[in-house]
Engineer: 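Input: one structure, supplied below.
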2 protein chains.
Amino acid sequence: MSNISDMIEAFIMDNLGDDEHLDISRNELANFFNVAPSQINYVLSTRFNYERGFLTESKRGGGGYITIMRADEDNSVWLHGILDRLNRDVDFRTACYIVDELIEKKFMEDCQGDVIKSAISPQALSNPFKLENRLRAQILRRIIMKNKAKKSDSD
Amino acid sequence: MSNISDMIEAFIMDNLGDDEHLDISRNELANFFNVAPSQINYVLSTRFNYERGFLTESKRGGGGYITIMRADEDNSVWLHGILDRLNRDVDFRTACYIVDELIEKKFMEDCQGDVIKSAISPQALSNPFKLENRLRAQILRRIIMKNKAKKSDSD
DNA sequence: GTATAATAAAGGTCAAAGAAAGTCAAACAA
DNA sequence: TTGTTTGACTTTCTTTGACCTTTATTATAC
């Protein structure tokens, strides 16, 4: 426990308690621990990332904030496998299989699968920098993490 | 947390209630919240704009006023307006307003809106080429067109 | 009395300043 | 070498203020 990042992590965990999410002010927290504000980002990205079961959201400007959310506790092997695949690029066909699997396993509704397929279609993701497969993986991963967080919310 | 613009927004929403429109005096309101009058304009343009389903009208000079109205337009015109908006880049906040409006107007389900918001979040669309707003608009467009096609299919 | 000019009372616009959070790379420590 | 810490610079959203335009009322001229 000698480094400050660990202390900040502990502090956040403590304040989170059993809650699903926690709002913090980056500057206040940095001030409290007497560190550069960007260190808070460092802690968030190394400790409160999706691999560790967390998601974050934020707003800049006056009245800005950072929200830290729990994404998951029950890490089913199956879902873990899918998320793992989504760390790499994914083409449209493979992505559709994944979506179908998510529906079949009751992870999401039919109607949700439809909009997702639209969202990750080659047409939706066309861009001049050959980023299509990368973006598709990112989008799917985000959708899954969010959906997971919401599911455990209503449990 | 909590900035004044959000408080003013809440105040206006509160006073609007279920009504179709509300008349306010810019100066009075600014005075009440102890802010520059132009901040009222800021709140109106960021919170009570077309994407959020509002229209405003005003008159200057003695006895001037601002009217805030709920915009209930004919569906085709309305959807056309949204698609038009999606020909340009769209930031996340605006996109969320659009999705909320699509849900409110029964164009799609709640649960669909959730996955869409995940799909178009800054996190999902982060990329090294500053394409975020462009991609977001593309994705939303695609989803709407598809959904529309499906709806008119079953009519 | 009517026409016109001046004044006051609104609201509008825009840009600068301020207040957050984000990024990235260099320095540092284990 | 890997993980931490810091700081300079960037982006986004909010707040403020100076200046502009429109409308209503009041004063003045004829």
Side-chain angles (χ1 to χ4, degrees), chain A residues 1-12 22-49 51-52 54-69, chain B residues 1-12 22-49 51-52 55-69 89-97 120-134 136:
Chain A
M1 187 62 73
S2 52
N3 74 55
I4 298 189
S5 287
D6 287 340
M7 287 167 56
I8 296 173
E9 177 189 4
F11 180 87
I12 291 175
L22 171 70
D23 279 1
I24 61 165
S25 144
R26 189 180 79 145
N27 285 346
E28 262 181 35
L29 198 50
N31 216 46
F32 182 75
F33 281 98
N34 235 292
V35 296
S38 58
Q39 180 146 12
I40 305 304
N41 295 83
Y42 175 71
V43 172
L44 293 180
S45 66
T46 57
R47 272 89 163 162
F48 295 91
N49 53 30
E51 276 91 2
R52 301 212 179 186
F54 293 94
L55 293 171
T56 59
E57 266 173 20
S58 63
K59 202 177 93 172
R60 302 182 187 190
Y65 58 85
I66 298 177
T67 303
I68 301 161
M69 293 166 289
Chain B
M1 204 145 127
S2 115
N3 58 55
I4 297 188
S5 288
D6 287 340
M7 288 166 55
I8 296 172
E9 176 191 2
F11 180 87
I12 292 175
L22 170 70
D23 279 2
I24 61 166
S25 143
R26 188 180 81 145
N27 285 346
E28 262 181 37
L29 197 50
N31 215 46
F32 182 74
F33 281 98
N34 235 293
V35 297
S38 57
Q39 181 148 11
I40 305 304
N41 296 83
Y42 175 71
V43 172
L44 293 180
S45 67
T46 56
R47 272 90 163 159
F48 294 90
N49 53 26
E51 272 87 16
R52 283 195 81 176
L55 293 171
T56 58
E57 260 174 25
S58 64
K59 206 178 80 170
R60 302 183 187 192
Y65 59 86
I66 298 177
T67 304
I68 301 162
M69 294 166 289
D89 297 1
V90 175
D91 65 36
F92 184 52
R93 192 142 84 116
T94 305
C96 285
Y97 292 155
I120 61 177
S121 69
Q123 290 89 343
L125 298 183
S126 76
N127 72 78
F129 300 107
K130 312 273 182 203
L131 282 170
E132 189 182 321
N133 291 348
R134 159 60 18 101
R136 182 173 291 120

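Reminder, nothing fancy here: chain letters follow the sequence lines and each chain counts from 1.
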Engineer: Can you tell me how far C1' of C:dA20 sits from CG of A:L29, to the nearest Å?
Structural biologist: 14 Å

Engineer: Look up atom CD1 in A:I24 and atom CZ in A:F32, then write down how far apart they are to the nearest 0.5 Å.
Structural biologist: 12.5 Å

Engineer: Working note: A:N49 + A:T56, criterion side-chain contact (heavy atoms from CB on, under 4.5 Å); need CA distance, chi angles, decisive distance, verdict.
Structural biologist: CA-CA 8 Å; A:N49 53 30; A:T56 59; over 6 Å; no

Engineer: How many whole angstroms separate atom CG of B:L44 from atom C1' of C:dT13?
Structural biologist: 14 Å

Engineer: Starting at atom CZ of B:F33, determine the distance to atom C1' of D:dT16, rounded to an integer number of angstrom.
Structural biologist: 17 Å

Engineer: What is the separation between atom CG on A:N31 and atom P on C:dA20, rounded to the nearest whole Å?
Structural biologist: 11 Å

Engineer: Shortest non-hydrogen contact from B:P37 to B:A30?
Structural biologist: CA-CB, 3.6 Å

Engineer: Taking it one step at a time, do A:I4 and A:Q39 satisfy side-chain contact (heavy atoms from CB on, under 4.5 Å)?
Structural biologist: CA-CA 9 Å; A:I4 298 189; A:Q39 180 146 12; 4.3 Å; yes

Engineer: What are the atom names and distances for every N/O pair under 3.5 Å that joins the protein to nucleotides 25-28 of chain D?
Structural biologist:
none

Engineer: List the residues meeting ring-ring contact (aromatic ring centres under 6.0 Å, His included) with B:Y42, not counting sequence neighbours, and say none if there are none.
Structural biologist: none

Engineer: Could you state the atom-to-atom distance from CD1 of B:I24 to P of C:dA10 in whole Å?
Structural biologist: 14 Å

Engineer: In residues 61-69 of chain B, what residues come within less than 4.0 Å of DNA chain C, judged by heavy atoms?
Structural biologist: B:G61, B:G62, B:G63, B:G64, B:Y65, B:I66

Engineer: When every nucleotide of nucleotides 24-30 of chain C is labelled 5' to 3' by its protein contacts under 4.0 Å (heavy atoms), B for base, S for sugar-phosphate only, - for none, what sequence of letters results?
Structural biologist: B------

Engineer: From A:N31 CG over to A:R26 CZ, what is the distance, rounded to the nearest 0.5 angstrom?
Structural biologist: 12.0 Å

Engineer: Any side-chain N or O of A:R26 below 4.0 angstrom from OP1/OP2 of D:dT12?
Structural biologist: no

Engineer: Can you check nucleotides 2-5 of chain D for protein contacts, nitrogen or oxygen pairs under 3.5 Å, and list what you find?
Structural biologist:
| residue | atom | partner | partner atom | Å |
| --- | --- | --- | --- | --- |
| D:dT4 | OP1 | A:R47 | NH2 | 3.0 |
| D:dT4 | OP2 | A:Y42 | OH | 2.3 |
| D:dT4 | OP2 | A:R47 | NH1 | 3.3 |
| D:dT4 | O5' | A:Y42 | OH | 3.2 |
| D:dT5 | OP1 | A:I4 | N | 2.9 |
| D:dT5 | OP2 | A:S5 | N | 2.9 |
| D:dT5 | OP2 | A:S5 | OG | 2.6 |
| D:dT5 | OP2 | A:Q39 | NE2 | 2.4 |
| D:dT5 | O5' | A:Q39 | NE2 | 3.2 |

Engineer: What's the spacing between B:I40 CD1 and B:E28 CD if we round to 0.5 Å?
Structural biologist: 11.0 Å

Engineer: Search all heavy atoms of B:F92 against all heavy atoms of B:S121 and return the closest pair with its distance.
Structural biologist: CE1-CA, 3.5 Å

Engineer: Atom CD1 in A:I66, atom CD1 in A:I68: separation rounded to 0.5 Å?
Structural biologist: 7.0 Å

Engineer: Go through the steps to decide whether A:M7 and A:F33 satisfy the test side-chain contact (heavy atoms from CB on, under 4.5 Å), and finish with yes or no.
Structural biologist: CA-CA 9 Å; A:M7 287 167 56; A:F33 281 98; 4.2 Å; yes

Engineer: Between B:T67 and B:M69, is the side-chain contact (heavy atoms from CB on, under 4.5 Å) condition met? List the steps.
Structural biologist: CA-CA 6 Å; B:T67 304; B:M69 294 166 289; 3.8 Å; yes

Engineer: For a quick test of reading the model: is some side-chain N or O of A:K59 closer than 4.0 Å to OP1 or OP2 of C:dA19?
Structural biologist: no

Engineer: Any idea which heavy atoms bring B:R52 and B:T46 closest together, and the distance?
Structural biologist: CD-O, 4.4 Å

Engineer: What integer distance in Å separates A:N34:CG from D:dT6:C1'?
Structural biologist: 13 Å

Engineer: Which heavy atom of A:G62 sits nearest to which heavy atom of B:N3, and what is that distance?
Structural biologist: O-ND2, 3.3 Å

Engineer: Classify the nucleic acid contact of B:N27 as base, sugar-phosphate or nothing, counting any heavy atom under 4.0 Å across all strands shown.
Structural biologist: sugar-phosphate

Engineer: Can you measure from CD1 (B:I8) to CZ (B:R47) and round to the nearest 0.5 angstrom?
Structural biologist: 8.5 Å

Engineer: Kindly calculate the angle separating the two end axes of the helix from C:dG1-D:dC30 to C:dA30-D:dT1, each obtained from five base pairs, and round it to 10 degrees.
Structural biologist: 10°

Engineer: For B:I40 and D:dT14, what is the distance between atoms CD1 and P respectively, to the nearest whole Å?
Structural biologist: 14 Å

Engineer: Report the distance from atom CG of B:L22 to atom CZ of B:F48, rounding to the nearest 0.5 Å.
Structural biologist: 8.5 Å

Engineer: Kindly indicate whether the side chain of A:R60 and the base of D:dT11 share any N or O donor-acceptor pair separated by less than 3.5 Å?
Structural biologist: yes

